[in-house]
Every structure is written in C-alpha cells, then in structure tokens.
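Both counts, for ligands and for their atoms, begin at 1 and track the order of listing.
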Amino acid sequence: MRNFYLYNSLSRKKELFEPIHPGLVGLYVCGPTVYGDAHLGHARPAITYDVLTRLFRNLGYKVRYVRNITDVGHLENDADEGEDKIAKKAKLEQLEPMEVVQTYTLLFHEAMRKLNTCPPSIEPRASGHIIEQIDLVKQLLENGFAYESNGSVYFDVDAYNRSYQYGVLSGRNLEDIKQNTRDLDGQTDKRNSYDFALWKKAAPEHIMRWPSPWSDGFPGWHLECSAMSAKYLGEEFDIHGGGMDLLFPHHECELAQNTASRGKGGVKYWMHNNMITINGQKMAKSKNNFISLEQLFTGSHSILEQAYTPMTVRFFILQAHYRSTLDFSNEALQAAEKGLAKLLQAARDLKAMTPAATAAHEEVSTLREKVYEALCDDLNTPIALSHLFEAVRWVNLAKDGKEKLSAEDIQILDELLRVILGDVLGVAEEEVADNNEQLLDGLIEMVLAERKEAKARKDFATSDAIRDRLKELGIQIKDTRDGTEWTLCK
Ligand code: ZN
C-alpha cells in the first residue's frame, strides 16, 4: 500500500500513517449538535473526512467511519455552563427535545447528501449511549480522577494533572488554563473552575434526564465521544477528527477522560480541520454572517450575490488545504464555480475522445503519480487539484487539435477526471437526485393529464384505475377545485 502521511495534532508533525489493524482504518469524527440548520461550518469537516475516507478506500483500506450525533449534554457555552442547547431550542419552539433532534438530524443528512458526502458507517447518538457513559463515569470515580458533588460528577483536573499532563493536545499548560478560566461564582458544585462535568444533576424542569447512581440527570458533552468511540472502534483506534474549534476543551477533555479511565489516550492520530471565515470574519449569529447550507444553495441570504450549487461549495472547500483557514466570499465562490465547470466539461469531453495512433505523453503519465503524492501528503487537495487542471489542459489541447492523445494518455486522464475527481474528491456532476425529482414531477403531471381526459369523457373506470395504481406506488392524489394535487408518501 502507498505511504500516507498525516499531520498529527498531538505530535504537531506529519507522521507516516500506520493503522492499528492492518488494512482497516478506524475513524471517529465529532458530528453536529442537532439544534439548528446545517451551516457552512458543518460543510468543511464533513467534506474533509469524507475525502479522507474516500482516499483510504481508493488506496485499498476498509474504513470504519463513526460520526456521532450530539443530542444531549452540549451546554450553551461549549463547556458545561448554561442550558442544554437542544433543551433550550425545544422550549422555544414548544417541541419535545427529540423532535428538535429528529428535525435537524434529517436536515443535516439532506445537506450532507447534497454535498455528496458518504454517510458514516455508524452514526451513534449520545442519548442512545447513556449506560456506556455512566459506566465511564464510574470508572473515572474508581480511578480517583472524578468527584461527586450534590448529585453531579466532575472530572478532577488537578488529580489528573498529578499523574498525567492536562493540555498536551491543545498545547496549553494548567497554569495558562487556570488564568484563562473565570473564577467560580459560588453557584457551582465544582472544586475548580476548570473541572468539567461528567454527569449533571437535572434541574426539576429539565426534560432530558436519566437515572444514575448520583442523580436523575444527563451526561456531560465531552463524555459521549469517549464512550462511543471506544464502543465502536475499540479502546485504541486510528484517527480522531473534528474542527479546530473542538481542540479545546472538547478533545482535550476526551483525551483526559480516555487516559484517566484506561491509562492511555486511545487515539493514534488527532486530526483537525481549520475554520471557515466569511469576508475575513468569524461566522457568528451576531454578525449576520451565519449562512445555512440551504441559504447557500438557494441564494437566500443578504451576503450572497447568487445561489451556489452544493458541488461548487464542495469544490471551493477542496481548493484549500484542510489545515488552512478558508475565507468565504462571493468572488471566491464564483471563481470556484468557473473552475468546477472547466473540470466537469473536460471530463465530459474526454468521454467522447477517441485515441490516436501516437506515442503516450510522458507529462500525462506522471500526472497520476503527482496527484496521489499530493493526496497522500496530508490530504493536500489544492495541489492535487492543480494537477487535475493540468489534465484539463491536455484534454483541451486534444479537443482543439493541438495535441494527439494515445489510448494510454486517455486512460490516465480518465482515471484522473473520473476516479480521482469523482470517486476520491467526490466532485461529480450536480446531483442526479434533483434531476430525478424533475423527472418524477413531469411523469406524474403526464399521468394526471391522462386521468383528467378520461374523466372528461366520463371514462371513470380508467380515471379510478390510474388513481388506484398511483396510490399503490405511494402517490396520493386529491381532486380539488383548482385541479389535482399529489403528494409522495415516502
Ligand atoms: Zn466529540
């Protein structure tokens, strides 16, 4: 198998990737907290770890890709203060918390499908793993790295730091952390402000609650990933991914929990994608630059000059290395749109080309190796894309009659523009699904017109038969004064 080098956030250098189990990659990625629309910030990790998975599969590995759904325990300030994000949303919208979770999980899946990301192999939910999380808390208490206080349980950072080193992943030391943490305001059960919740006792009005040895309550946010990654990937696994914003406190706390419970960190390579900024600014609701993916795809946000297709967004994200920041602007997106069109046009042109009886071009044959080299160098998608544009140049030269391409040239260019671009980078023609929807609309309208005609000539046997057959196919029709409405019952 080809050597693959991956930057490890823990060692802060690129390392040769060697999986714990030969041929199998265990990948855990922190998924969304499902309390709002999927936004641009979700697209970057989704696409980064999707390309990583696709590349490993292309290289011949099996990948077990686990991405969780956070549906409980993520409190407002991203640590463990304030209200649970989902419970708050549920209260605002007068919904059951699990209705909020289901609504936004479905929307997230839909956005991810549009971006052509492969679904994870396993998508566990935090609320479905309360038993595992309680077991982990028990282990941490038993090992002396946690304490109970008024029905809540906290991780004892000082105790941990006496045996291990808290802050190794994010490059902080406890002194810095102490100085940058707000002092206790007397309202808390914690011994130290930087201790974090493993189990929180629920207030009487709190809906999401489970029984535990300490109180009716709910798990702390960091706990779920330690519990679920171990459950599905084992106590030691290959890659843990997530956005840079999760490095501290979330991943630092996960690492501490793993080490404190099992004596080892459990993760071989920590991988973090950088953030997206918008016109140079951090995305924030208060700055009115918080763009949902749906707004991006439809162009319905004041920042947007036009709509951008999911493939344009995907391509745009791949144009930057995952560890660099990526600045979103209309100009950058429009440039991506043009670049993407060129690539896809070349892929189409190539399909129609016939080989010439000529020698293979060496420049073409080296392109494949260059592309793999870039991708295997810490997933360097911008460099890989620059080589794919070189492939485009060759296709265009042949199209304009300036160069002749041999069968071997065409085979390599096809591998680049179909396998690498399509299968590995996941950049394809705009999705077929939307075309299918249009096709379905058209076909049903046609059938309904037939039925209308049958009715007009009082051929009710035919019009009823059409209605019944459509119903069998899951299409409900309803005659109204304005015509016939139809709905697809999935
Ligand atoms: Zn996580």
Side-chain angles (χ1 to χ4, degrees), residues 8-10 26-36 38-39 41-46 48-50 52-53 64-80 84-86 101 104-105 108 112 117 119-130 132-137 140 155 166-170 196-200 218-262 265-275 322:
N8 189 342
S9 309
L10 188 58
L27 168 66
Y28 186 91
V29 175
C30 292
T33 302
V34 279
Y35 70 104
H39 54 76
H42 288 122
R44 196 165 193 197
T48 301
Y49 300 108
D50 181 56
L52 181 73
T53 302
R64 185 169 299 144
Y65 174 15
V66 182
R67 185 180 65 206
N68 68 300
I69 294 278
T70 296
D71 59 357
V72 65
H74 192 173
L75 304 189
E76 270 184 304
N77 75 348
D78 281 4
D80 51 19
D84 182 293
K85 289 185 176 187
I86 290 161
V101 167
Y104 292 109
T105 301
F108 177 74
M112 292 304 110
T117 61
S121 329
I122 305 174
E123 194 171 45
R125 287 183 174 198
S127 66
H129 297 75
I130 301 294
E132 289 82 351
Q133 294 180 74
I134 289 176
D135 281 348
L136 189 52
V137 178
L140 290 166
F155 190 90
Y166 185 71
V168 276
L169 180 61
S170 58
F196 55 90
L198 300 168
W199 187 263
K200 286 279 253 189
F218 55 94
W221 172 38
H222 315 307
L223 197 63
E224 59 172 287
C225 292
S226 283
M228 295 189 290
S229 60
K231 173 159 178 152
Y232 296 109
L233 296 171
E235 290 192 349
E236 278 186 286
F237 62 95
D238 298 306
I239 303 172
H240 191 314
M244 206 89 105
D245 53 337
L246 297 179
L247 191 62
F248 189 88
H250 187 54
H251 290 165
E252 195 69 66
C253 295
E254 253 188 86
L255 177 60
Q257 290 166 163
N258 295 352
T259 312
S261 61
R262 310 163 201 154
V267 178
K268 201 164 171 191
Y269 307 89
W270 284 90
M271 184 174 170
H272 291 94
N273 63 277
N274 215 321
M275 301 286 103
Y322 77 90

Quick one: do Glu252 and Ser170 satisfy side-chain hydrogen bond (donor to acceptor under 3.5 Å, both in side chains)? Show the steps, please. CA-CA 7 Å; Glu252 195 69 66; Ser170 58; 2.6 Å; yes
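- Val72 and Phe218 make their closest contact through CG2-CB, 4.1 Å (heavy atoms, listed as atom of the first residue, atom of the second, distance).
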Taking it one step at a time, do Glu224 and Asn68 satisfy side-chain hydrogen bond (donor to acceptor under 3.5 Å, both in side chains)? CA-CA 9 Å; Glu224 59 172 287; Asn68 68 300; 2.8 Å; yes
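- Using a 4.5 Å heavy-atom cutoff, the side chains of His240 and Leu27 are not in contact.
- Coordination check, Cys30 versus the Zn ion (ligand 1): passed, since an N/O/S atom of the residue sits under 2.8 Å.
- Per residue His250, closest N, O or S atom to the Zn ion (ligand 1): atom name NE2.
- Among the backbone and side-chain atoms of Cys225, an N/O/S atom is found under 2.8 Å from the Zn ion (ligand 1).
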